[in-house]
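Notes for the one structure printed next.
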Amino acid sequence: MRPHSLNYDHGMVLFSSLVILALLMALGIGIYFAVQNNHRISANLRLGSVAFYLAESGIEWSKDRIRSIPAHPPDPVEGTENLASGKFSVYTVSTTEISPLTGGSLVRSTGSFGVSSQTVEALITKTYDLSDAAIALRGGAGGVALNGDSFFVSAMDHDPATRQVVPGEKARSPISVADEAARLRIDQGLTDLQRANLVGQNAGPVGAGDHLPGGDMARLANDVCSVPSAIIVTIPDDGLLFVGNEAWGNPSAPQIRCITGLPSAGDAVAVTGAVTGAGILVVRDADLALNGPFHWEGLIVLSGSNGRFRTSGDPVKEIFGAVLINETTAYSEASPPSLELQGAVRVFFSRAALATAARLTPLSTLSALRPGLPSEITQKYWRAMTD
């Protein structure tokens, strides 16, 4: 009986060893296939990620193309770019005019890398501004006199209804001029307190640029004053037009007001009483002197020869929108300042107020001006597309 029991024990050991070996082999094969699958998954994820980033590159490429297109809304963009890592293909699904100053393009981009492809879609908007600053000086309007520190000029986008800054601000200067010499001349004359009252976003108090040159400002002034609904007033022969206790439109019913000066220098529009209004106020060949209470929402344009924008006195003067000053006479050191701020005056850049002015401007004029207008590209949303 003893030899039989020993053989039985040996058989059980062999059987157990074979079972363990089979289990180890199965485990090894499972690990091998798991590693292979993980490798394939990682490779596919890498391919998909690269394809996705290529598709995103196509969206950025679209923004650059739309930025250079003066048409409104932007013409459709379409193209394919081959890169070392793959390629992207872009086409425009649709374009829409959102407002006279804003257009939208729905763009779809497909990135391809190896056997993987990803498609994303984005709504890209291009928004024009009727000014690159709260106060813009062009032509020979190079002289500025800022007296005291009671004034306040902000290039931050403000909502006239709430009086609050609109989030998502772009870089903009409170005051802009056409050339670097004028910028330096104005900047060097500022005191520290005055600098603190010229508020911008990632930009200095005075900026220089080529947006909306003097010729465009003159065309804007002349074209809006040719609109049949424009209210035209001529300064009397004595050279002074006194204004007070008047309402020149409101945000719901804006107006175009055009005041024309005399051929000789020295005539002016003097606001001595309370004036409120909204829309576009144009003063040609004359000074605009704000002495009394004043509230305006929209665009103020001074264009022509010997025209200055002047404020003085304690009554509060508020402007939401922008002030454009185009002096057609060449600048000289003997020239009187084209911009003279003194007293309680507040100028707030406002896209909403400028949009009101744009709705009063002839479409043909806006089309002609757009190549010289500052613009901003924003992406409203993006989403991945699936088959």
* **Heavy-atom side-chain contact between Lys87 and Glu81 under 4.5 Å** => no

* To do: Look at Asp157 together with Arg172 and state whether they make a salt bridge at an N to O cut-off of under 4.0 Å.
  => no

* Under 3.5 Å, is there a donor-acceptor pair between the side chain of Ser57 and the main chain of Tyr53? -> yes

* With distance as the sole test, does Thr96 use its side chain to make a donor-acceptor pair with the main-chain N or O of Ile98 at under 3.5 Å? -> no

* Joint hydrophobic cluster, Val144 plus Phe152, side-chain heavy atoms closer than 4.5 Å -> no

* **Check: Arg308/Ser338 side-chain N/O donor and acceptor closer than 3.5 Å** => no

* Asked: Taking a hydrophobic cluster as the set of Ile, Leu, Val, Met, Phe, Trp and Tyr residues connected by side-chain heavy atoms closer than 4.5 Å, whether directly or through intermediates, do Val282 and Ile300 fall within one such cluster?
  -> no

* Asked: According to the interplanar angle, ranging from 0 to 90°, do the rings of Phe320 and His295 count as parallel (below 30°), tilted (30 to 60°) or perpendicular (above 60°)?
  -> tilted

* Asked: Do Ser68 and Arg65 have side-chain atoms, one donor and one acceptor, less than 3.5 Å apart?
  -> no

* Could you walk me through whether Val177 and Ile186 pass the side-chain contact (heavy atoms from CB on, under 4.5 Å) check? -> CA-CA 9 Å; Val177 293; Ile186 298 170; 3.6 Å; yes

* Asked: Would you find more than 12 non-hydrogen atoms of other residues, nucleotides or ligands less than 6.0 Å from Asp238 atom CG?
  -> yes

* side-chain contact (heavy atoms from CB on, under 4.5 Å) between Ile256 and Ile231, intermediate numbers included -> CA-CA 6 Å; Ile256 298 175; Ile231 300 172; over 6 Å; no

* Measure the shortest side-chain to side-chain distance between Val93 and Glu121 over non-hydrogen atoms and say whether it is less than 4.5 angstrom. => yes

* To do: Without swapping roles, check the side chain of Thr119 against the backbone of Thr110 for a donor-acceptor pair under 3.5 Å.
  => no

* **Arg219/Asp216 salt bridge by N-O under 4.0 Å criterion** => no

* Side-chain H-bond candidate by donor/acceptor type, Ser176 with Arg138, under 3.5 Å -> yes

* **Verify same cluster id: Leu366, Leu220 (apolar side-chain graph, 4.5 Å)** => yes

* To do: Ignoring hydrogens and angles, tell me if any N or O in the side chain of Asp159 forms a donor-acceptor pair with the backbone of Val166 under 3.5 Å.
  => no

* Asked: Can you say whether the rings of Trp296 and Trp248 are parallel (under 30°), tilted (30 to 60°) or perpendicular (over 60°)?
  -> perpendicular

* Compute whether any side-chain donor of one residue and acceptor of the other, for Arg108 and Tyr91, lie under 3.5 angstrom apart. => yes

* Asked: Is Thr92 reaching over with its side chain to a backbone N or O of Val77, donor-acceptor style, under 3.5 angstrom?
  -> yes

* Any chance the side chains of Asn291 and Thr272 put a donor and an acceptor closer than 3.5 Å? -> no

* To do: Answer with yes or no whether the side chains of Thr378 and Thr125 bring together a donor and an acceptor at under 3.5 Å.
  => yes

* Group every Ile, Leu, Val, Met, Phe, Trp and Tyr by side-chain heavy-atom contacts under 4.5 Å, then state whether Ile259 and Leu290 land in the same group. => yes

* Treat each ILVMFWY residue as a node, draw an edge where side-chain heavy atoms are under 4.5 Å apart, and state whether Phe151 and Phe348 are in one component. => no

* Is there a side-chain contact between Glu56 and Ile59, using heavy atoms and a 4.5 Å cut-off? -> yes

